[in-house]
Number of protein chains: 2
Amino acid sequence: MPRSDSTGYVRNSRDDVVSAALGILDQQGLPDLTMRHLATTLGVAPSALYWHFPNKQSLLAAVSDQIIAAARPSAAPTDDWRSTVRAEAAALHDALLAFKDGAEVVSSTLALGLGADALQRRLAAAIGRGGFDDQTTALAAETLVHFIVGHAFHRQQRMQADSLGAVAAQHSLDRENPADRPTTPQAFDLGITLLVAGLDTQSRTTPPLGDRNGS
Amino acid sequence: MPRSDSTGYVRNSRDDVVSAALGILDQQGLPDLTMRHLATTLGVAPSALYWHFPNKQSLLAAVSDQIIAAARPSAAPTDDWRSTVRAEAAALHDALLAFKDGAEVVSSTLALGLGADALQRRLAAAIGRGGFDDQTTALAAETLVHFIVGHAFHRQQRMQADSLGAVAAQHSLDRENPADRPTTPQAFDLGITLLVAGLDTQSRTTPPLGDRNGS
DNA sequence: ACCTGAACACCGTTCAAGT
DNA sequence: ACCTGAACACCGTTCAAGT
């Protein structure tokens, strides 16, 4: 919470700024998350934000980290590694969808190479329990990240396009066109299934944890 | 090529505009591809561009389609379906990397649901030869698209960050951090391998084309 | 430790009018 | 069929100065 000063200034902490940014993101969307709008919401001049963050990108990175940190898998990690991967992937997917334009923010932060490391680290930890070498584990985690973020981004954009009242494009609604079909939860499940099944065909350095077929 | 008029006007066709946009994109990058800059390059006022395109997004969609159309797989499609998928994926990957910021442009166009359909269509055609049902084929193609675009985007961003002279982040260079490791071609290969292997474990409606194990 | 005020150098888009 | 000119309503960022 911003405090009021003896000087009459509105004094915000770095966390106040991030919280306000998350609020605008969720209620108005990324296009409305401008430095000027954010400053107005906080009751300060736009330039005040640059005391807390060197630029907008780093602000978005902080927002992005917040979104990812909110992801909590529902299942306990005592299962076999495949379930752990699926649970972690689902939790991250849901976290991206929980905030409006959440996937886009994380996607851009990820691409820029700022933060959002937690995403890949958590998936790598889950995959590592399958007994793959570090290289395979890291690369597989990267593959999962691209799929999860790409899928969530795509889905979120569709949802908003739909809620904005029909496509209004030149072909209105073309069920023959794969790009016009709704993005269903099945698409996510199949993607994860393919990746996990593919991993399962890879050679291992150590026997997987929780594999019902033993070593 | 823009023609000069009896009126002294510089008359551009829609294709002239797209070509110029592609040129700016490749030589300066997406941040410099502004409507104003593009107009200057073409020798017209910014407002002139709005005769050819309703807005910037649709211009980028046309640029995006152009990038994807340039993708040509090197191998003939007479192989087994797995090689066809790999060849198609590699061709699309290379096409995204061929233009500076190409992956980002295609990614945004894709997310917005404008164009870039060719990407998914081509992958679906390749996968379909594996004998999967239409649903599985379409969803698998979507998975591949997210991976290919996400991977290329990530890689392109890294390349530019590197060429811009060191990371300059707070940890400079942290080889323990998976996000700091270079994105290698291996990452792409493994991703495709996992997806193809995963698909291979799926049930089929018809025997795959070119499967050396018969039906 | 955190903010103001003023400025700089830009954006995308619209629209009536011109040729 | 394609362009101009002028305007509208914005952006992110910097920096000296204030409390």
Side-chain angles (χ1 to χ4, degrees), chain A residues 1-21 24-25 28-64 101 104-105 108-109 111-112 114 164 168, chain B residues 1-21 24-25 28-64 101 104-105 108-109 111-112 114 164 168:
Chain A
M1 284 289 286
R3 303 162 285 137
S4 216
D5 210 43
S6 57
T7 68
Y9 278 9
V10 185
R11 296 177 85 90
N12 297 285
S13 69
R14 186 189 152 102
D15 278 350
D16 292 333
V17 177
V18 175
S19 297
I24 293 176
L25 181 72
Q28 267 112 297
L30 187 56
D32 280 344
L33 181 43
T34 66
M35 298 302 264
R36 294 174 119 95
H37 185 170
L38 176 57
T40 302
T41 298
L42 288 165
V44 297
S47 52
L49 301 176
Y50 290 86
W51 192 89
H52 299 282
F53 296 93
N55 50 49
K56 191 180 180 180
Q57 295 283 10
S58 61
L59 203 208
L60 289 180
V63 168
S64 184
D101 290 332
E104 184 170 1
V105 172
S108 72
T109 297
L112 272 281
L114 318 162
L164 227 104
Chain B
M1 283 290 288
R3 302 162 285 136
S4 217
D5 210 42
S6 57
T7 69
Y9 278 7
V10 185
R11 296 177 86 88
N12 296 286
S13 69
R14 185 190 152 101
D15 278 350
D16 293 332
V17 177
V18 176
S19 298
I24 292 176
L25 181 71
Q28 266 112 295
L30 187 56
D32 280 342
L33 182 44
T34 67
M35 298 302 263
R36 294 174 119 95
H37 185 171
L38 176 57
T40 302
T41 299
L42 288 165
V44 297
S47 52
L49 301 175
Y50 290 84
W51 192 90
H52 299 282
F53 296 93
N55 50 48
K56 191 181 180 180
Q57 295 282 13
S58 62
L59 202 207
L60 288 180
V63 168
S64 183
D101 291 331
E104 184 170 2
V105 171
S108 73
T109 297
L112 271 282
L114 318 162
L164 228 106

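The figures here come from the full heavy-atom set of this structure, side chains too, leaving out hydrogens, waters and symmetry mates. The sequence lines fix the lettering, A, B, ..., with proteins before strands; numbering per chain opens at 1.
Residue B:Arg11 places its side chain closer to D:dC3 than to any other of D:dC3, C:dC15, D:dT13. For B:Tyr50, whose side chain is taken as the heavy atoms from C-beta onward, the closest listed nucleotide among C:dG12, D:dT14, C:dC3 is C:dG12.
Interatomic distance, CG of A:Leu30 versus CG of A:Leu60, reported as 6.5 Å (0.5 Å rounding). Put simply, CG on B:Leu49 and CG on B:Leu38 are 5.0 Å apart, with the number rounded to the nearest 0.5 Å. Rounded to the nearest 0.5 Å, atoms OG1 (B:Thr40) and CE (B:Met35) are 12.0 Å apart. To the nearest 0.5 Å, atoms CG (A:Leu42) and NE2 (A:His37) are separated by 10.0 Å. With rounding to the nearest 0.5 angstrom, the CG atom of B:Leu112 is 4.5 Å from the CD atom of B:Gln57. In this structure, A:Asp101 CG and A:Leu25 CG are separated by 6.0 Å, a value rounded to the nearest 0.5 Å.
Regarding B:Leu38, its CG atom lies at a distance of 12 Å from the P atom of C:dT13, rounded to whole Å. In this structure, B:Asp16 places its CG atom 12 Å from C1' of D:dC2, rounding to the nearest Å. Between the NE2 atom of A:His52 and the P atom of D:dG12 there is a distance of 17 Å, rounded to whole Å. Between A:Leu49 atom CG and D:dC15 atom P the separation is 17 Å, expressed in whole Å. B:Leu42 places its CG atom 12 Å from the C1' atom of D:dC3, with the value rounded to the nearest Å. D:dT14 atom P lies 8 Å from atom CG of A:Asn55, rounded to whole Å. Between B:Asn12 atom CG and D:dA1 atom C1' there is a gap of 12 Å when expressed in whole angstrom units.
Atom P of D:dA9 sits at a distance of 24 Å from the matching atom of C:dA9, rounded to the whole Å. The same atom, P, is picked in D:dC2 and in C:dA17; the two are 22 Å apart, to the nearest Å.
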**OP:** For DNA chain C, produce a single dot-bracket line, 5' to 3'. Pairs: Watson-Crick or G-U wobble, both distances under 3.5 Å. Symbols: ( ) within strand, [ ] crossing, | other strand, . unpaired.
**Re:** ||.|||||...|||||.||

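B:Ala111 meets the side-chain contact (heavy atoms from CB on, under 4.5 Å) test with A:Phe153, A:Gln157; sequence neighbours excluded.
The 5' end of DNA chain D is approached more closely, in terms of each residue's nearest nucleotide, by B:Trp51 than by the other of B:Trp51 and A:Gln57.
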Scan nucleotides 8-11 of chain C against the protein and return all N/O pairs shorter than 3.5 Å with their distances rounded to 0.1 Å.
residue: C:dC11; atom: OP1; partner: B:Thr34; partner atom: OG1; Å: 3.4

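Closest heavy-atom contact between B:Leu33 and B:Ala21: CD2-O, 3.8 Å.
Defined by atom type and a distance below 3.5 Å, a donor-acceptor pair is missing between the side-chain atoms of A:Asp16 and A:Ser19.
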